[in-house]
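See below for the structure under consideration.
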Amino acid sequence: MTVTIPETVGATRGLPSLGPEGTRLLRLLDDTFERWGVTAGARPMTMPPLLPAADLARLDYYDNFPHQAVLAAPLDLEKRLTTPFDGDRGHWPAASLEPAGLGLPSASCYAVYLDHQGRRIADDTLVTVCSWCFRKETHYEGMRRQLGFRMREIVALGSREHAEDHLTAFTARVDAFAEAVGLSLRKEAACDPFFDKGGSKALLQRLTPVKYEFLYEDLAIASVNTHRNFFGERCAITLASTGGPAFTSCVAFGLERWLSALTRRHGGWEAATRAVLDAAGPVI
């Protein structure tokens with residue numbers, strides 16, 4: 001069964017809104033995924049929607065994902081008088097802006113690594129966050145592809161074994177939940193240029209993929225990602241047990257994309273919500 005959810009104001013610009021039914025289902029999904037993390041021992045945290053561009057640059061973000069990057073800049077209060085808002089084009093001219101010192105990250109986990117920078121951590125550290133994320137796309141499409149969207153992540157920091165076991169456990173959990181809600185997913189290696197394309201780490205990524213996506217039809221709605229000790233080294237996150245750099249991994253859920261998949265599969269908000277309630281059980 002397929003369904004077309006009515007377009008909302010801003011949907012074709014990557015900024016759709018949700019009514020009561022969609023809001024309820026999004027919260028139900030997020031509560032479910034957060035509970036998975038908390039049950040596994042994760043600390044819930046809240047991260048800022050903006051991060052210093054200098055910190056993201058230090059993590060090679062603008063080298064690896066320049067096509068997705070979105071930046072924020074305040075108005076230059078003097079120059080705005082001589083270069084006012086361009087109503088025809090619908091934007092402020094670059095000359096009227098101060099330097100863009102803030103970045104809007106494309107994934108929730110960047111803030112977690114920056115928050116832990118310079119720390120010694122336990123070998124089995126887990127954190128769960130849900131943040132607004134932002135990606136510049138060639139086009140936008142309802143709940144499938146958005147400029148601004150919400151991403152729930154469960155992030156492992158610690159030993160290599162801990163990071164690997166985290167992905168094994170949650171891969172099984174995603175598979176079981178998808179089957180329970182009636183979504184037929186396939187797992188595919190992703191080709192995101194996480195590491196510099198010309199470096200030795202990029203070659204290792206091609207031999208041993210660092211990211212797998214769970215796709216419903218042609219839509220990736222979740223992923224499992226291993227970063228080895230990349231963020232541990234760049235952010236000086238060390239293990240209390242050995243003093244060496246931490247390994248990290250994460251499982252990510254694009255919440256609006258789950259809404260798209262569920263409503264397409266079940267034909268509407270009510271049936272999709274019932275499927276999630278039946279699969280997830282009571283949310284406390």
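Heads up: numbering here begins at 1 and tracks the sequence.
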Subject >> Straight-line distance of F214 CZ to S223 OG, nearest 0.5 Å >> reply: 8.5 Å

Subject >> K187/D175 salt bridge by N-O under 4.0 Å criterion >> reply: no

Subject >> Side-chain donor-acceptor contact under 3.5 Å, S106 with Y61 >> reply: yes

**OP:** Would you confirm whether R186, through its side chain, and D218, through its main-chain N or O, come within 3.5 Å as a donor-acceptor pair?
**Re:** no

**OP:** Please state whether the rings of F231 and H227 are parallel, tilted or perpendicular, taking 30° and 60° as the class boundaries.
**Re:** perpendicular

Subject >> Flag, side chain of D115 to backbone of A111, donor-acceptor distance under 3.5 Å >> reply: no

Original post:
Do I237 and M45 sit in the same hydrophobic cluster, where Ile, Leu, Val, Met, Phe, Trp and Tyr count as joined when their side-chain heavy atoms come under 4.5 Å apart?
Top reply: yes

**OP:** Report yes if the side chains of F253 and V174 come closer than 4.5 Å at any heavy-atom pair, otherwise no.
**Re:** yes

Original post:
Rounded to the nearest 0.5 Å, how far does OG of S159 lie from CG of D165?
Top reply: 7.5 Å

Subject >> Salt bridge D30-R27, side-chain N to carboxylate O under 4.0 Å >> reply: no

**OP:** Measure the spacing between CZ of R145 and NE2 of H139 and express it to the nearest 0.5 Å.
**Re:** 4.5 Å

**OP:** Measure the shortest side-chain to side-chain distance between L51 and L114 over non-hydrogen atoms and say whether it is less than 4.5 angstrom.
**Re:** yes

Original post:
Under the side chain to side chain donor-acceptor pair (under 3.5 Å) test, which residues partner T125, sequence neighbours left out?
Top reply: none

Original post:
Does D63 offer a backbone N or O that forms a donor-acceptor pair with the side chain of D60 under 3.5 Å?
Top reply: no

Original post:
Shortest non-hydrogen contact from E98 to L75?
Top reply: OE2-O, 3.5 Å

Subject >> Non-hydrogen side-chain atoms of F134 and F149 separated by less than 4.5 Å >> reply: no

Subject >> Counterpart residues, side chain to side chain contact (heavy atoms under 4.5 Å, CB included), relative to L26 (two or more places apart) >> reply: L18, R150, L255, E256, L259

Original post:
Is F230 reachable from V127 through a run of I, L, V, M, F, W or Y residues, each pair having side-chain heavy atoms under 4.5 Å apart?
Top reply: yes

**OP:** Test side chain to side chain contact (heavy atoms under 4.5 Å, CB included) on W36 and V251 and set out the steps.
**Re:** CA-CA 11 Å; W36 292 1; V251 55; over 6 Å; no

**OP:** Start with the C-alpha distance between R120 and L239, add both sets of side-chain angles, then the distance that settles side chain to side chain contact (heavy atoms under 4.5 Å, CB included), and finish with yes or no.
**Re:** CA-CA 5 Å; R120 280 186 170 249; L239 298 176; over 6 Å; no

**OP:** Assess whether side chain to side chain donor-acceptor pair (under 3.5 Å) is satisfied between S108 and R152, documenting all intermediate values.
**Re:** CA-CA 7 Å; S108 298; R152 165 64 63 181; over 6 Å; no

Original post:
Is any side-chain heavy atom of L167 less than 4.5 Å from a side-chain heavy atom of N225?
Top reply: no

Original post:
Quick check: are there more than 12 heavy atoms from other residues, nucleotides or ligands sitting under 6.0 Å from CZ of R58?
Top reply: yes

Subject >> Contact check, side chains of C235 and H116, non-hydrogen atoms, under 4.5 Å >> reply: no

Subject >> Rounded distance (nearest 0.5 Å) linking atom CD of E34 with atom OG1 of T39 >> reply: 10.0 Å

Original post:
Within the side chain of S96, is there an N or O that forms a donor-acceptor pair under 3.5 Å with the backbone of W92?
Top reply: no

Original post:
Okay, side chain of H266, backbone of V181: is any donor-acceptor separation there less than 3.5 Å?
Top reply: yes

Original post:
Are Y110 and V112 joined in one hydrophobic group, where the rule is that I, L, V, M, F, W and Y side chains link up if heavy atoms are under 4.5 Å apart?
Top reply: yes

Subject >> CG-CZ distance between L219 and R144, expressed to the nearest 0.5 angstrom >> reply: 4.5 Å

Original post:
Is M151 reachable from L50 through a run of I, L, V, M, F, W or Y residues, each pair having side-chain heavy atoms under 4.5 Å apart?
Top reply: no

Subject >> Neighbour count above 12 (heavy atom, 6.0 Å) for E179 CD >> reply: no

**OP:** Locate the shortest heavy-atom distance separating L15 from G148; write the atom from each residue and the value.
**Re:** CD2-N, 4.3 Å

Subject >> Test side chain to side chain contact (heavy atoms under 4.5 Å, CB included) applied to V38 and L126, step by step >> reply: CA-CA 9 Å; V38 171; L126 283 176; over 6 Å; no

**OP:** Without swapping roles, check the side chain of D86 against the backbone of R89 for a donor-acceptor pair under 3.5 Å.
**Re:** yes

Original post:
Under the side chain to side chain contact (heavy atoms under 4.5 Å, CB included) test, which residues partner E164, sequence neighbours left out?
Top reply: R160

Original post:
Should F177 and L25 be regarded as members of a common hydrophobic cluster, given that ILVMFWY residues are connected when their side-chain heavy atoms come within less than 4.5 Å of each other, either directly or indirectly?
Top reply: yes

Original post:
What pairs with E21 under side chain to side chain contact (heavy atoms under 4.5 Å, CB included), at least two apart in sequence or on another chain?
Top reply: W269

Original post:
Any donor and acceptor pair, going by atom type alone, linking the side chain of W258 with main-chain N or O of I221 inside 3.5 Å?
Top reply: yes

**OP:** State the OG1-CG distance between T273 and L262, to the nearest 0.5 angstrom.
**Re:** 8.5 Å

Subject >> Residue list, side chain to side chain contact (heavy atoms under 4.5 Å, CB included) with C109, at least two apart or on another chain >> reply: A107, Y113, E153, V155, C250

Original post:
Closest approach of L71 and L104, non-hydrogen atoms and distance?
Top reply: C-CD1, 3.8 Å

Subject >> Nearest heavy-atom neighbours spanning L157 and H162 >> reply: O-CD2, 3.5 Å

Subject >> For the student: nearest non-hydrogen atoms of R265 and Y216, plus distance >> reply: CB-OH, 3.5 Å

Subject >> Listed once per pair and sorted, the salt bridge (charged side-chain N to carboxylate O under 4.0 Å, His left out) pairs that draw on residues 268-280, sequence neighbours left out >> reply: R274-D278

Subject >> Which atom of M47 lies closest to which atom of S131, heavy atoms considered >> reply: CB-OG, 3.9 Å

